[in-house]
Amino acid sequence: FDMFVLAFVERLFRPTYRKDDFVLGKKLGEGAFGVVYRVSLMAKKPATKEGDLVLKKATEYGAVEIWMNERVRRACANSCADFIYGFLETSSKKGDEYWLIWHFEGEATLADLMQSKDFPYNVETMILGEVQDLPKGLERENRIIQTIMRQILFALDSLHSTGIVHRDIKPQNIIFSEGSRTFKIIDLGAAADLRVGINYIPKEFLLDPRYTAPEQYIMSTQTPSAPSAPVATALSPVLWQMNLPDRFDIYSTGLIFLQMAIPTLRNDSGLIQFNRQLKRCDYDLYAWRKTVEPRAGPDLRRGFELLDLDGGRGWELVTSMVRYKARQRTSAKAALALPYFDREGLLALSVMQ
Ligand code: ADP
Ligand code: MG
């Protein structure tokens, strides 16, 4: 009860908006269930601290997406794009639409950044500010990729700790926030909240086949359909332990790591070919490596070299994420504790303080 009162009061003091408050800008994306625009506020609205905004006009799943964003806003705000407001717009010619408003986080998703020939150096300048005049090389590339992975896993860990599984983790849904200079997760349209049973039944048709884990269903298909909210709240920690639904996101994140390490996997055809090969190897990454390494081109060889740095710490990370069985995959929290994320200089820093 208290939680609802708090949520209500919090919402009362936030600005509320309606359709006529927005001036539509550039279209940023269009999916099967909604259209996303960059928008700005009408001048007549009193000045707010929000500058540029993003609007998603969503169809049937908009209500769930608003619910997820409200929850993230209260429980783990920094892991996802900053959500401002959501409402039902009934006057639309196209029928009921849910309108969702976020702060405009930045121009580029990880997908955009990964398409650059300069990746990952183009990200280094964004994360660190001024370009440092260090020699380019594998070690430096690895350091940048490691920072990106740490930020993604950190955001995922807080989502998972809140009880939310995203189910559509991919570079297109990871935005670089220019304000905080970190990567944040967006697009909770396919997310499931297992603590309260919202969107409990997986909508597998929503999932992106390029990044989905082999199980397809995040919960056992024998799990009964969504129980009512109070029952789900009592049961869900048990269900979570049984099914480890968070490991679905971990598989997708492992694929993103591979794409960052190996340039040939960054485009669709490379990724699709990889998925086919991995399936043929029964999702055994070691077996896959054995089949492709002998006839690897320079890009692939360089990718393995990066993963093999420091005694194979990157390889250890990726092989603990990309596994056939969900329960053999690492959690986001455990991944962050792997040697791959050990920071040189951390010790020196703590000695100095
Ligand atoms: P969908 O994939 O359902 O079309 P998304 O929520 O992923 O919708 O948004 C589509 C695109 O809009 C993203 O890939 C991104 O380029 C852009 N975008 C979404 N949210 C933001 C945001 N908060 N700030 C900046 N750009 C955003
Ligand atoms: Mg998306």
Side chain to side chain contact (heavy atoms under 4.5 Å, CB included) assessment of Asp96 paired with Glu89
CA-CA 6 Å; Asp96 285 3; Glu89 173 55 44; over 6 Å; no

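- Judged by a 6.0 Å distance limit and a 45° cone about the ring axis, Arg289 is positioned over the six-membered ring of Phe304.
- Under the 4.5 Å side-chain criterion, counting only non-hydrogen atoms from C-beta, Tyr17 is in contact with Leu41.
- Residues Ser269 and Asn267 have side chains that bring a donor and an acceptor to within less than 3.5 angstrom of each other.
- Evaluated for a side-chain contact (heavy atoms from CB on, under 4.5 Å) with Asn69, the options Val64, Ile186, Leu100 yield exactly one hit, Leu100.
- Looking only at atom types and distance, the side chain of Tyr211 has a donor-acceptor partner in the side chain of Gln259 under 3.5 Å away.
- Counting all heavy atoms, side chain and backbone alike, Ala332 lies closest to Leu153 at CB-O, 3.8 Å.
- Taken together through direct or relayed side-chain contacts under 4.5 Å among Ile, Leu, Val, Met, Phe, Trp and Tyr, Leu188 and Leu156 form part of one hydrophobic cluster.
- Closest approach of Arg210 to Asn275, counting heavy atoms only: O-ND2, 3.1 Å.
- Annotation for Tyr37: atom OH counts as buried by contact number, over 12 foreign heavy atoms lying within 6.0 Å.
- For Lys19 and Asp21, the salt-bridge test fails: no basic side-chain N is under 4.0 Å from an acidic carboxylate O.
- Judged by distance alone, the side chains of Ser177 and Ser180 do bring a donor and an acceptor atom under 3.5 Å apart.
- Linking ILVMFWY side-chain heavy atoms closer than 4.5 Å, directly or via other members, places Ile127 and Ile174 in a single hydrophobic cluster.
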What's the verdict on side chain to side chain contact (heavy atoms under 4.5 Å, CB included) for Phe87 and Thr16, showing C-alpha distance, side-chain angles and the deciding distance?
CA-CA 9 Å; Phe87 57 95; Thr16 56; over 6 Å; no

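- Taking 4.5 Å as the limit, some side-chain heavy atom of Phe22 sits within range of a side-chain heavy atom of Trp99.
- Here OG1 of Thr253 is found 5.5 Å from CD1 of Ile169. Values are rounded to the nearest 0.5 Å.
- Ser252 and Asp249 share no donor-acceptor pair across their side chains, judged by distance under 3.5 Å alone.
- Between Thr162 and Ser158, the shortest heavy-atom distance links the atoms OG1-O, 2.7 Å.
- Between Arg313 and Asp342, some side-chain heavy-atom pair lies under the 4.5 Å cut-off.
- When hydrophobic clusters are built by joining Ile, Leu, Val, Met, Phe, Trp and Tyr residues whose side-chain heavy atoms come closer than 4.5 Å, directly or via intermediates, Tyr283 is not grouped with Ile272.
- Judged by distance alone, the side chains of Trp67 and Asp193 never bring a donor and an acceptor atom under 3.5 Å apart.
- Side-chain contact between Phe104 and Trp102: absent, with no pair of heavy atoms (C-beta onward) separated by less than 4.5 Å.
- The minimum heavy-atom distance linking Glu105 with Ala81 is given by the pair OE2-CA, 3.4 Å.
- At least one side-chain heavy atom of Phe274 sits under 4.5 Å from a side-chain heavy atom of Leu258.
- Atoms CZ and CD1, from Arg140 and Ile145 in turn, are 12.5 Å apart once rounded to the nearest 0.5 Å.
- The backbone N or O of Leu113 sits less than 3.5 Å from a side-chain atom of Asn122, completing a donor-acceptor pair.
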Test Leu285 against Met321 for side chain to side chain contact (heavy atoms under 4.5 Å, CB included), laying out the working first.
CA-CA 10 Å; Leu285 213 47; Met321 299 177 91; over 6 Å; no

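- Rounding to the nearest 0.5 Å gives a distance of 5.5 Å between SG of Cys76 and CD1 of Ile164.
- Met114 approaches Met260 most closely through the heavy-atom pair SD-CG, 3.8 Å.
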How far apart are the C-alpha atoms of Cys80 and Arg73, what are their side-chain angles, what is the distance that settles it, and do they pass the side chain to side chain contact (heavy atoms under 4.5 Å, CB included) test?
CA-CA 8 Å; Cys80 295; Arg73 200 189 142 83; over 6 Å; no

Does the pair Glu30 and Lys27 meet the rule for a salt bridge (Lys or Arg N to Asp or Glu O under 4.0 Å), with working shown?
CA-CA 8 Å; Glu30 178 156 19; Lys27 191 190 275 187; 2.7 Å; yes

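- With contacts defined as side-chain heavy-atom distances shorter than 4.5 Å, the pair Ile84/Leu53 qualifies.
- Under 4.0 Å is where a charged nitrogen must lie from a carboxylate oxygen, and between Glu107 and Arg38 at least one such pair does.
- Residues Ile185 and Ile175 do not share a hydrophobic cluster, clusters being chains of Ile/Leu/Val/Met/Phe/Trp/Tyr side chains in contact below 4.5 Å.
- Of the possible polar contacts, one joining the Asp284 side chain to the Tyr286 backbone as a donor-acceptor pair under 3.5 Å is found.
- Look at Lys117 and Asp299 and you find no salt bridge, because none of the NZ, NE, NH1 or NH2 atoms lies under 4.0 Å from a carboxylate O.
- Figure legend: cation-pi geometry between Arg280 and Trp288 absent, as NZ or CZ is not positioned both under 6.0 Å from the six-membered ring centre and within 45° of its axis.
- Judged by a 6.0 Å distance limit and a 45° cone about the ring axis, Lys184 is not positioned over the six-membered ring of Phe176.
- Looking at Arg329, its side chain does come within 3.5 Å of a backbone N or O of Arg247 through a donor-acceptor pair.
- In this structure, Thr291 and Gln277 have side chains that are not in contact, with every pair of non-hydrogen atoms separated by 4.5 Å or more.
- Between Tyr121 and Phe119, a ring centre-to-centre spacing not shorter than 6.0 Å is recorded.
- Salt-bridge formation is not detected for the pair Arg301/Glu293: no Lys NZ or Arg NE/NH1/NH2 atom is positioned less than 4.0 Å from an Asp or Glu carboxylate oxygen.
- Using a cut-off of 4.0 Å between Lys/Arg side-chain N and Asp/Glu carboxylate O, Lys56 and Asp187 are scored as salt-bridged.
- Note that CD of Glu70 is 12.0 Å distant from CD of Glu65, once rounded to the nearest 0.5 Å.
- Atom-to-atom distance recorded for Asp208:CG and Arg167:CZ is 14.0 Å, nearest 0.5 angstrom.
- Aromatic rings from Tyr340 and Phe257 are positioned such that their centres are separated by under 6.0 Å.
- Arg302 and Glu141 are joined by a salt bridge, as a carboxylate oxygen and a charged side-chain nitrogen come within less than 4.0 angstrom of each other.
- Proximity of a side-chain donor or acceptor of Thr147 to a complementary backbone N or O of Arg143 within less than 3.5 Å is detected.
- Between the side chain of Thr264 and the backbone N or O of Gly270, no donor-acceptor pair lies under 3.5 Å.
- Between the side chain of Glu215 and the backbone N or O of Lys325 there is no donor-acceptor pair closer than 3.5 Å.
- The number of heavy-atom neighbours closer than 6.0 Å to CZ of Phe154, taken from other residues, nucleotides and ligands shown, is 12 or below.
- Between Leu110 and Phe183, the closest side-chain pair of non-hydrogen atoms falls below 4.5 Å.
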